[in-house]
Protein chains: 2
Amino acid sequence: MSKLPSTKDSYSRTRQDHSTETAEDYVEAIFDTIEAKGACRAVDLAEQFGVSHVTVSKIISRLDTDGLVEAPAYKPIGLTPEGKLMAARVRKRHELVYSFLIAIGVDAKTAAIDSEGIEHHVSTKTLARMRAFIEERSADR
Amino acid sequence: MSKLPSTKDSYSRTRQDHSTETAEDYVEAIFDTIEAKGACRAVDLAEQFGVSHVTVSKIISRLDTDGLVEAPAYKPIGLTPEGKLMAARVRKRHELVYSFLIAIGVDAKTAAIDSEGIEHHVSTKTLARMRAFIEERSADR
DNA sequence: TTGTCATTGTAGCCATTGCTACAAATCAAC
DNA sequence: GTTGATTTGTAGCAATGGCTACAATGACAA
Ligand SMILES: [Mn+2]
Ligand SMILES: [Mn+2]
Ligand SMILES: [Mn+2]
Ligand SMILES: [Mn+2]
């Protein structure tokens, strides 16, 4: 049962998702950190992601080149307008995936962990179905 | 609303998921191909994944070293007992995620694409909730 | 048997994401 | 203002997953 028509397209979409995943997680984290602490330093991101500050530094450099962040040397990290747009979009998507997992009965901790990976692989169509499900459920009660 | 308690653990779990993702997709594809065509050649995998045969060759080498596949030179690719176990487990999980997306109203093509990425980030707890949801819905109608 | 074609392997390149070790800059406290 | 801790940068390494170009192998038909 359940066919599973896995075509070449599926894998290339997953590879594409992974190629944007780092940028998405970083701008989202920068956005949140600025909101929470007023500024975002590389060390904050290293702590949040659980990686070394060197890894953060290198990735921030690329995001700077790509026009998503502004990272003057030895100064806090800011988002460009484009970066802010991506952050807002990504955070909304992440929250929706999280809320959906909660809605189907997953516990908060598991939902937090799973949604961190799932968020990058959810198309707008699937996202729309998740949103519809949440709204139906909240109307029922 | 919706908190989103993204801790360090979430990101390291996602990184861990990605480190096993390639092995999972490959053993699943090998399993399916053997089932469908009687044997699996590297060229079959290159076609399925949409990558070059060199990429396949290198990855198969590593899976061989890791004890998941048997890959004698210039011969078809087989699965070790451990590889077969992983393939069966992964396929079941993949099918469940796919069926769940269908159950919440996602169209077949989108479900096929999205599930290819999502499958690797779904914990057993979330999987259990998806299974329960499918069973409830099939009981209702 | 020989030649051709499909398949696989190898060499060598690149980008990404991770690390340790060490150097430089900044900040705060004294 | 000097010192000391925090923060950031840089050098250099490894594993993974992509690629092209070219070499070798194997299978099959002529
Ligand atoms: Mn994420
Ligand atoms: Mn992923
Ligand atoms: Mn799969
Ligand atoms: Mn997959």
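Atom set for the values below is all heavy atoms of this structure, side chains included, hydrogens, waters and symmetry mates excluded. Lettering of chains follows the sequences in order, A, B, ..., and the numbering in each one begins at 1.
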Original post:
Counting N and O atoms only, with roles assigned by atom type, does the side chain of T14(B) sit under 3.5 Å from a partner on the main chain of S10(B), one being a donor and the other an acceptor?
Top reply: yes

Subject >> 5'-most by nearest nucleotide on DNA chain D - T55(B) or D66(B) >> reply: D66(B)

Using a cut-off of under 3.5 Å, enumerate the N/O to N/O pairs linking the protein to nucleotides 4-8 of chain C.
{"from": "dT8(C)", "atom 1": "OP1", "to": "R41(B)", "atom 2": "NE", "distance (Å)": "2.8"}
{"from": "dT8(C)", "atom 1": "OP1", "to": "R41(B)", "atom 2": "NH2", "distance (Å)": "3.2"}
{"from": "dT8(C)", "atom 1": "OP1", "to": "A42(B)", "atom 2": "N", "distance (Å)": "3.4"}
{"from": "dT8(C)", "atom 1": "OP2", "to": "A42(B)", "atom 2": "N", "distance (Å)": "3.4"}
{"from": "dT8(C)", "atom 1": "OP2", "to": "V43(B)", "atom 2": "N", "distance (Å)": "2.9"}

**OP:** Return yes if a side-chain donor-acceptor contact under 3.5 Å exists between H18(B) and H18(A), otherwise no.
**Re:** yes

**OP:** Walk along DNA chain D from 5' to 3' and tell me the first and last nucleotide with an atom closer than 4.0 Å to a non-hydrogen atom of chain A.
**Re:** dT7(D) to dG18(D)

Subject >> Check: H121(B) ring centroid to H121(A) ring centroid under 6.0 Å >> reply: yes

**OP:** Assess R137(B) against F133(B): is NZ or CZ under 6.0 Å from the centre of the six-membered ring, and within 45 degrees of the ring's axis?
**Re:** yes

Give me the distances for all protein-to-nucleotides 11-16 of chain C N/O pairs that come in under 3.5 Å?
none

Original post:
How many Å lie between CD1 on I59(A) and C1' on dG18(C), as a whole number?
Top reply: 9 Å

Original post:
Run the side-chain hydrogen bond (donor to acceptor under 3.5 Å, both in side chains) check on D114(A) and S123(B) step by step: do they pass?
Top reply: CA-CA 7 Å; D114(A) 287 15; S123(B) 65; 2.7 Å; yes

**OP:** Using the six-membered ring wherever Trp is involved, compare the ring planes of F100(A) and F100(B) and label them parallel, tilted or perpendicular (cut-offs 30° and 60°).
**Re:** tilted

**OP:** Would you please test H94(A) and S115(A) for side-chain hydrogen bond (donor to acceptor under 3.5 Å, both in side chains) and show each step?
**Re:** CA-CA 7 Å; H94(A) 193 163; S115(A) 66; 3.2 Å; yes

**OP:** Say whether, by atom type as modelled, one donor and one acceptor occur between the side chain of T55(A) and the main chain of V51(A) under 3.5 angstrom.
**Re:** no

Subject >> Backbone of I104(B) reached by a side-chain donor or acceptor of R129(A) within 3.5 Å >> reply: yes

**OP:** Please answer whether the main-chain N or O of K125(B) pairs with a side-chain N or O of T110(A) as donor and acceptor at a distance below 3.5 Å.
**Re:** no

